[in-house]
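In what follows, chains are A, B, ... by sequence order, proteins preceding strands, each numbered from 1.
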Protein chains: 2
Amino acid sequence: MTSEVPQALSGRLSFLLGRLYMRALDLEARRLEALGVTVKQQAVLALLADEGPMTQQHLGQRLGIDRTTVVAVVDGLEQARLVERRRSPADRRAYLLTLTPDGVRAGEQGRGLVSGAEGELLGALDEDERRTLTELLGRAVRGQGPGDAGAPPR
Amino acid sequence: MTSEVPQALSGRLSFLLGRLYMRALDLEARRLEALGVTVKQQAVLALLADEGPMTQQHLGQRLGIDRTTVVAVVDGLEQARLVERRRSPADRRAYLLTLTPDGVRAGEQGRGLVSGAEGELLGALDEDERRTLTELLGRAVRGQGPGDAGAPPR
DNA sequence: TATTGTTATACTCTATAACTATA
DNA sequence: TATAGTTATAGAGTATAACAATA
């Protein structure tokens with residue numbers, strides 16, 4: 001049983017982020033159970049649907065997880081016949097991870113389930129505030145990172 | 001090496017929250033090293049400074065961690081002479097965790113270090129946006145419970 | 001009988017090192 | 001020599017179960 005947010009920590013970002021993150025994982029995982037996929041597996045489905053086939057190495061970089069961790073995630077998706085490992089013609093060491101038709105469908109359904117979980121997570125905020133929160137989080141994460149040359153820190 | 005946020009996941013809250021949370025922990029931990037305390041230990045110092053002495057059980061509830069996990073955290077603080085375990089006169093099974101003068105000072109310094117880390121974390125946002133983000137996170141975490149906004153559990 | 005703090009234990013998650021097959 | 005995928009292993013981090021002291 002978790003009591004309410006202590007005043008002393010109410011402005012502490014790592015604390016707030018941690019609480020909300022854990023709750024988000026929990027809500028998403030619970031809903032995705034109906035699909036038989038984990039949160040990470042659903043992220044893989046969404047990524048492949050959006051960017052097309054890619055190697056396990058590349059997938060790991062996109063997701064921010066080690067390539068050794070990718071193995072088990074893909075194993076599960078392959079056994080569920082949602083993803084296929086196809087040898088890359090260009091580099092026979094690598095696989096090109098490819099969605100099966102079932103994988104495409106599962107990915108779409110997963111999106112819906114995740115949206116539902118997020119709605120529940122942000123139940124205290126109205127539509128406008130949800131958009132603002134997502135946008136600010138995105139900016140903060142992208143932040144000083146590589147890529148689009150935004151304004152460097154002053 | 002983490003690449004930029006994939007478009008497919010740019011609106012995925014658990015993904016954004018996770019990335020930002022991990023980065024926050026990392027930044028805070030690095031700065032708090034100078035004090036010789038971990039992020040969790042600093043949370044304990046801040047909480048005791050704000051709410052006064054409390055039992056390990058109560059502390060765990062406030063922080064959302066198990067009481068068995070509290071033991072090691074307090075062990076470290078006690079060895080560093082920042083916190084003392086004093087037997088509760090009212091209930092001799094329990095300790096009343098109490099800040100030492102060094103603990104009070106460390107807590108104050110820790111607050112400053114954490115603020116610095118948060119400033120770095122949100123480098124991409126201006127002052128107004130940072131306040132908005134913190135407020136929305138707080139509302140989301142406190143969230144849907146119209147419930148127990150009263151006295152903390154004994 | 002229930003609860004506080006404690007220990008031992010197990011479980012989850014993830015990364016490092018080493019191997020293979022290619023390049 | 002370097003890289004993709006794999007395996008075995010180890011390290012955090014945290015929770016569950018059981019125990020002593022106390023309620």
| remark: Rounded to whole Å, CG of Leu59(B) lies from P of dT3(C) at a distance of 19 Å

| Are Lys40(B) and dG13(D) close enough that a side-chain N or O sits under 4.0 Å from OP1 or OP2? | no

| remark: Among the nucleotides dT6(C), dT16(D), dT14(D), whichever has the atom closest to the side chain of Thr69(B) is dT14(D)

| field | Rounded distance (Å) that lies between atom P of dG13(D) and atom CE of Met22(B) | value | 11 Å

| task | Quickly work out the Leu25(B) CG to dG13(D) P distance and round it to whole Å. | result | 9 Å

| Heavy-atom donor-acceptor pair, Gln61(A) side chain to His58(A) backbone, under 3.5 Å | no

| task | Kindly state which residues belonging to residues 90-98 of chain A come within less than 4.0 angstrom of DNA chain D, counting heavy atoms of the residue only, listed by number. | result | Arg93(A), Ala94(A), Tyr95(A)

| field | Atom pair distance, as rounded to whole Å: CD in Gln57(A) and C1' in dT22(C) | value | 14 Å

| request: Check the distance between dG13(D)'s C1' and Gln41(B)'s CD and give it to me in whole angstrom. | output: 14 Å

| request: Please say whether more than 12 non-hydrogen atoms of neighbouring residues, nucleotides or ligands are located less than 6.0 Å from CZ in Arg87(B). | output: yes

| message | Applying ring-ring contact (aromatic ring centres under 6.0 Å, His included) as the test, list every pair that has at least one member in residues 5-30 of chain A; sequence neighbours left out. | response | Tyr21(A)-Tyr21(B)

| query | Are any side-chain N or O atoms of Glu118(A) and backbone N or O atoms of Leu13(B), one a donor and one an acceptor, separated by less than 3.5 Å? | reply | yes

| note | When rounded to whole Å, the NE2 to P distance for the pair His58(A) and dA4(D) reads 11 Å

| remark: Here the distance between atom C1' of dG5(C) and atom CZ of Arg86(B), to the nearest Å, is 18 Å

| task | Answer yes when Arg131(B) and Glu135(B) have at least one side-chain N-carboxylate O distance shorter than 4.0 Å, and no when they do not. | result | no

| query | Which is true for Thr55(B) with a 4.0 Å heavy-atom rule: it touches a base, it touches only sugar-phosphate, or it touches nothing? | reply | sugar-phosphate

| message | Determine whether a donor-acceptor pair (N or O, by modelled atom type, separation under 3.5 Å) exists between the side chain of Arg130(B) and the backbone of Leu125(B). | response | yes

| Quick one: do Leu32(A) and Val104(A) end up in the same hydrophobic cluster if we chain Ile, Leu, Val, Met, Phe, Trp and Tyr together by side-chain heavy atoms under 4.5 Å apart? | yes

| query | Has the side chain of Thr68(A) got a donor or acceptor atom sitting under 3.5 Å from an opposite partner on the base of dT14(C)? | reply | no

| field | Arg67(A) side-chain N/O to dT7(D) phosphate OP1/OP2 under 4.0 Å | value | no

| said: Using whole Å, what does the distance between atom P of nucleotide dT9(D) and atom CG of Asp66(A) come to? | reply: 18 Å

